[in-house]
Novice: 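What follows is a single structure, and I will ask about it in a moment.
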Amino acid sequence: MIHYDPHEDASQYLEDLATAYWASEALFTALGAGLFDLLEDIRSATTAAIATRLSWAPDFAERFLALLRELGLVDHYGGRWFNTALASHYLVTGSSHEQCANIRWREALKAEWAALPAVLAAGTRTRFPGEAASDAAMEARRRDYLSAMDAVLTGKLEEILPMALPALPKNARILDVGAGSGAFGCAFLEALPEARATLMDIRQMLPIMAAVNAKRPQALNRRVTLRTQNILKTPWDAGHYDLIILSNIVHATGKAESAAVLAEAVRHLAPGGLILIHDFFTEHRPLKSRLSDINMMVNTYNGRAYSAAWVKEGLEATGLTATAPAPLATDTAVVFAAANPATLSRLALDRAAQLITPIKACGFLDAIPFDPKAVVFAEFARHKCAFGCSSAGTKTCAVNDAMSFEDAQRLVRSYQKALLLRAEPPTGDFQRNCLAAEALAFKDGFYKAFVFWAGPCSICPDCDPVAPCANAGHRRPSMEGSGIDVYATVARAGETLHTLDHKGEVVKYYALLLLE
């Protein structure tokens with residue numbers, strides 16, 4: 001995903017944005033040709049052998065393979081080409097985390113996105129599956145969609161199950177709403193051998209669901225009930241459940257319909273039960289979320305991306321308690337809700353990750369999980385502050401002398417978790433936001449929360465440079481003033497910093513929020 005960095009060349013960013021499809025077309029072409037399956041079968045091959053097997057012109061094949069190497073999909077050694085680990089794991093048919101169906105589905109969406117100008121003008125979707133399409137063609141389309149969604153879900157379930165399982169009874173009754181193939185609900189059945197699941201979807205999906213379920217182990221199959229239900233038609237004909245799953249359901253419809261689905265799910269929740277909502281939310285991976293929102297605009301009647309805050313607010317309006325979104329390593333997150341707060345307390349959530357969304361709402365551009373052991377200390381950083389800054393020795397930087405270089409190291413290393421906070425000037429606002437983030441973490445139970453910010457203290461706009469500090473409780477040391485090499489530290493988080501060439505360039509500020 002291409003992000004605009006104001007420190008980089010703007011024209012280059014625009015060019016990269018305009019040519020982003022070059023990379024996706026290369027991926028689609030290689031996958032469609034069967035290149036990765038070929039290389040996996042024969043382990044490695046010369047350009048000539050690949051060109052012969054795939055009916056490519058040898059010199060053009062060499063150039064194309066060179067591009068794929070730069071994309072990290074193939075590699076070259078001793079005159080032979082082979083799959084990288086990335087390709088072997090994800091792009092080979094039958095591989096451990098195969099994503100082929102997912103990628104082919106994304107390729108098929110290109111034609112729909114071509115309708116974006118017309119959609120913007122019409123205020124509604126303009127392309128629809130052909131009315132003359134046969135039932136077989138429509139069923140094939142549904143199967144392709146489910147294959148793509150299941151490919152995406154595989155890795156996500158590895159994160160989601162450990163979060164939810166501690167809050168569920170061994171014999172949990174599970175309802176998978178809009179279940180598709182039933183992969184989500186059945187993943188819980190595999191983890192809970194005494195549980196039972198109802199897989200619920202529209203009638204057109206039931207034959208596909210039944211065929212998939214028939215291939216599952218018999219011991220699991222007999223714990224599954226298939227139910228036909230249009231979830232937009234309420235009330236549902238269903239019982240009460242210990243776990244209700246809504247995975248990629250909320251974004252599929254407009255606000256009124258999605259709110260009705262949430263309310264109906266609440267109505268079927270057993271006492272002590274848990275609702276699990278897995279979706280893309282605007283607070284998590286905002287660029288991908290906004291792209292997904294436009295994908296809904298182009299490809300659905302009224303689907304859209306929602307904020308986790310909107311979902312949480314809707315659930316709490318029904319009397320439930322809901323968590324902040326638990327972000328996954330991918331582009332989606334999970335919100336949990338329950339009538340009994342004790343149910344939520346049993347969830348195995350990364351509480352530091354739970355702080356990301358509310359802390360970003362304090363005014364930060366990003367909040368990045370960070371290992372305090374990865375903070376880079378260097379004495380030159382402290383010396384640079386002492387000898388290279390006009391505020392050195394003044395009241396606004398005196399707090400940096402409260403800890404020695406060694407004390408600062410010991411303090412940071414004593415913590416297990418941290419968030420690296422990114423923002424922009426003005427300095428006073430940035431520092432006040434740092435204090436708000438520290439206070440928020442403290443109230444959430446991180447009683448040892450402590451923040452290192454950037455720059456001379458600018459908390460009080462009317463600070464008297466001579467009088468004793470009247471607001472000592474709001475002073476914090478800066479990262480650089482404490483001996484932290486900020487450039488090297490943020491690089492370990494995948495962030496970039498460079499020295500500024502001209503006055504007026506956009507400045508990046510970073511803070512380190514320690515959590516314990």
Side-chain angles (χ1 to χ4, degrees), residues 352 355 359 364 367-423 425 427-442 445-460 463-493 495 497-500 507-516:
L355 285 173
I359 281 180
F364 293 95
I368 306 164
F370 196 77
D371 182 357
K373 305 296 188 293
V375 173
V376 179
F377 280 87
E379 291 198 15
F380 91 85
R382 194 159 188 160
H383 296 159
K384 189 77 172 176
C385 271
F387 299 104
C389 176
S390 59
S391 296
T394 68
K395 171 183 170 181
T396 57
C397 285
V399 69
N400 292 331
D401 298 325
M403 282 188 287
S404 68
F405 179 76
E406 292 75 19
D407 287 341
Q409 280 186 294
R410 278 193 292 270
L411 175 65
V412 171
R413 300 286 190 254
S414 70
Y415 283 77
Q416 301 300 313
K417 293 180 180 292
L419 291 174
L420 195 63
L421 312 182
R422 176 167 61 88
T427 307
D429 290 346
F430 165 72
Q431 293 176 348
R432 281 184 282 274
N433 292 341
C434 287
L435 294 175
E438 183 188 277
L440 190 152
F442 177 82
F446 292 95
Y447 70 94
K448 291 168 67 175
F450 187 82
V451 71
F452 287 82
W453 62 33
C457 181
S458 302
I459 287 292
C460 302
C463 176
D464 184 335
V466 178
C469 179
N471 194 11
H474 286 170
R475 293 185 303 171
R476 295 294 183 274
S478 69
M479 293 174 70
E480 59 277 13
S482 301
I484 295 174
D485 182 340
V486 180
Y487 284 76
T489 297
V490 304
R492 290 188 172 183
E495 295 285 291
L497 268 178
H498 68 79
T499 55
L500 304 184
V507 175
K508 285 184 182 179
Y509 279 155
Y510 288 92
L512 181 70
L513 177 60
L514 300 170
L515 300 169
E516 193 87 15

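Only heavy atoms go into these numbers, but all of them, side chains included; no hydrogens, no water, no symmetry mates. None of the values given here were measured: they were computed from a predicted structure.
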Novice: What closest approach, in Å, do S482 and A408 show between heavy atoms, and which atom pair accounts for it?
Specialist: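 Answer, listing the atom of S482 first, then A408: O-CB, 3.6 Å.
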Novice: How many angstroms lie between atom CG of L512 and atom CZ of F450, to the nearest 0.5 angstrom?
Specialist: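 Result: 10.0 Å between the selected atoms.
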Novice: Applying salt bridge (charged side-chain N to carboxylate O under 4.0 Å, His left out), which residue pairs with at least one partner in residues 401-416 are found, sequence neighbours left out?
Specialist: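 Salt bridge (charged side-chain N to carboxylate O under 4.0 Å, His left out) check on residues 401-416 returns D407-R410.
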Novice: Mind checking the CD1-CZ spacing from I368 to R492? Nearest 0.5 Å is all I need.
Specialist: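 Those atoms lie 15.0 Å apart.
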Novice: Nearest 0.5 Å please: distance from the SG atom of C463 over to the CG atom of N471.
Specialist: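 Answer rounded to 0.5 Å: 9.5 Å.
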Novice: Would F377 and I484 satisfy side chain to side chain contact (heavy atoms under 4.5 Å, CB included), going step by step from the backbone distance to the final call?
Specialist: CA-CA 4 Å; F377 280 87; I484 295 174; 3.6 Å; yes
Novice: Between F364 and F430, what is the ring plane arrangement, given parallel below 30°, perpendicular above 60°, and tilted in between?
Specialist: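 Answer is perpendicular, since the angle exceeds 60°.
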Novice: Rounded at 0.5 Å granularity, tell me how far CZ in F452 sits from CG in N400.
Specialist: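 With rounding to 0.5 Å, CZ (F452) is 9.5 Å from CG (N400).
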Novice: Between S391 and P456, what is the shortest heavy-atom contact and its length?
Specialist: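 S391 and P456 have their closest heavy atoms at OG-CG, 3.4 Å.
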Novice: As an exercise, state the distance from OG of S414 to CD of E516, rounded to the nearest 0.5 Å.
Specialist: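 With rounding to 0.5 Å, OG (S414) is 7.0 Å from CD (E516).
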Novice: What pairs with A436 under side-chain contact (heavy atoms from CB on, under 4.5 Å), at least two apart in sequence or on another chain?
Specialist: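 By the side-chain contact (heavy atoms from CB on, under 4.5 Å) rule, A436 matches C362.
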Novice: Could I get the full list of salt bridge (charged side-chain N to carboxylate O under 4.0 Å, His left out) partners for K417, not counting sequence neighbours?
Specialist: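 Per chain and number, K417 pairs via salt bridge (charged side-chain N to carboxylate O under 4.0 Å, His left out) with D350.
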Novice: Restricting to pairs with a member in residues 367-381, which pass salt bridge (charged side-chain N to carboxylate O under 4.0 Å, His left out), not counting sequence neighbours?
Specialist: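 Pairs touching residues 367-381 that pass the test: none.
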Novice: Can you run down the salt bridge (charged side-chain N to carboxylate O under 4.0 Å, His left out) pairs that involve residues 432-441, sequence neighbours left out, and say none if there aren't any?
Specialist: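 Checked against salt bridge (charged side-chain N to carboxylate O under 4.0 Å, His left out) - neighbours excluded - the pairs reaching residues 432-441 are D429-R432, E438-R476.
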Novice: A441: what forms a side-chain contact (heavy atoms from CB on, under 4.5 Å) with it, not counting sequence neighbours?
Specialist: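 With sequence neighbours excluded, A441 shows a side-chain contact (heavy atoms from CB on, under 4.5 Å) to L355, F446, A449, L513, L515, given in chain and number order.
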